[in-house]
Amino acid sequence: MANHKLSGRKFDRPTAHRLAMYRNLVQDLLDAEKIVTTEAKAKEIRGMAEKIITMGKKGDLSARRRALAFIYDENVVAKVFDDIAKRYAERNGGYTRIIKLSPRQGDGAPMAQLELV
């Protein structure tokens, strides 16, 4: 079976579980500003987090509602719109950085630290 023109990883999870995992990881990243996860998950959620920050830079009510549709924690959304967006006001994208770490002890999975620049 060809895998042409398909993007994104499935992580062997049902769609609802995978989307919930993405939401949780993005929320944790925006709240703590640094998380350690597998390299594949870090690469997958990087774009999502950057889109939320870009919404925060836009700052209008529509953008806030779209951010709340993805991130359910109102405190994290408020932090993005009030603090993080102001920090990146002069920056055109590239708000995150992935730093590769040593493999995980248990299963040897490649680990990475995803942080806000």
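Starting from 1, each residue takes its place in the sequence as its number.
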Inset, instruction - Could you point out which residue of Asn24, Leu25, Thr37 forms a side-chain contact (heavy atoms from CB on, under 4.5 Å) with Ile45? - result: Leu25
Legend entry - ring-ring contact (aromatic ring centres under 6.0 Å, His included) involving Tyr22 - partner list, sequence neighbours excluded: none
Legend entry - Whether over 12 other heavy atoms sit under 6.0 Å from Asp12 CG: no
Inset, instruction - Taking atom NZ of Lys57 as the centre, report whether more than 12 heavy atoms of other residues, nucleotides or ligands fall under 6.0 Å from it. - result: yes
Legend entry - Spacing of NE2 belonging to His17 relative to NZ belonging to Lys10, to within rounding of 0.5 Å: 15.0 Å
Legend entry - Minimum-distance pair of heavy atoms, taken over all atoms of Pro103 and Gly108: CB-O, 3.7 Å
Inset, instruction - Spell out, yes or no, whether Val26 and Ile99 are grouped together once hydrophobic residues are joined by side-chain heavy atoms under 4.5 Å, including indirect joins. - result: no
Inset, instruction - State plainly whether one hydrophobic cluster holds both Tyr72 and Phe81, where clusters connect Ile, Leu, Val, Met, Phe, Trp and Tyr through side-chain heavy atoms under 4.5 angstrom apart. - result: no
Inset, instruction - Find out whether Leu101 and Val36 are in side-chain contact, i.e. whether some heavy atom of one side chain is under 4.5 Å from a heavy atom of the other. - result: yes
Inset, instruction - For side-chain contact (heavy atoms from CB on, under 4.5 Å), just list the numbers for Val80 and Met55, CA-CA rounded to whole Å, side-chain angles, deciding distance to a tenth of an Å, and then say yes or no. - result: CA-CA 9 Å; Val80 169; Met55 285 181 206; over 6 Å; no
Legend entry - Donor-acceptor contact present, side-chain Gln27 to main-chain Ile71, <3.5 Å: no
Inset, instruction - For residues Val77 and Arg64, report the shortest heavy-atom separation together with the two atoms involved. - result: CG1-CG, 4.1 Å
Inset, instruction - Can you measure from CG (Leu30) to CG (Asp83) and round to the nearest 0.5 angstrom? - result: 11.5 Å
Legend entry - Gap separating the CG atom of Asp82 from the CZ atom of Arg87, nearest 0.5 angstrom: 12.0 Å
Inset, instruction - May I ask whether Phe11 and Met111 are part of the same hydrophobic cluster, defined by side-chain heavy atoms of I, L, V, M, F, W, Y residues being less than 4.5 angstrom apart, directly or through others? - result: no
Inset, instruction - Output the distance between atom CG (Leu114) and atom CD (Glu39), rounded to the nearest 0.5 Å. - result: 11.5 Å
Legend entry - Side-chain heavy-atom pair Leu116, Tyr88 within 4.5 angstrom cut-off: yes
Inset, instruction - Give a yes or no on whether the backbone of Asp31 and the side-chain of Lys79 come within a donor-acceptor separation of less than 3.5 Å. - result: yes
Legend entry - Nearest atoms (heavy-atom pairs only) where Asp73 meets Asn75: OD1-N, 3.0 Å
Inset, instruction - Output the distance between atom CD1 (Ile35) and atom CG (Leu29), rounded to the nearest 0.5 Å. - result: 5.0 Å
Legend entry - Reported CD1-to-CZ distance for the pair Ile52 and Arg23, which is rounded to 0.5 angstrom: 9.5 Å
Inset, instruction - Verify the neighbour count for atom CG of Asn92: are there more than 12 heavy atoms of other residues, nucleotides or ligands below 6.0 Å? - result: no
Legend entry - Which atom of Gly94 lies closest to which atom of Val117, heavy atoms considered: O-CG2, 3.9 Å
Legend entry - Carboxylate-amine/guanidinium contact Glu44 Arg18, below 4.0 Å: no
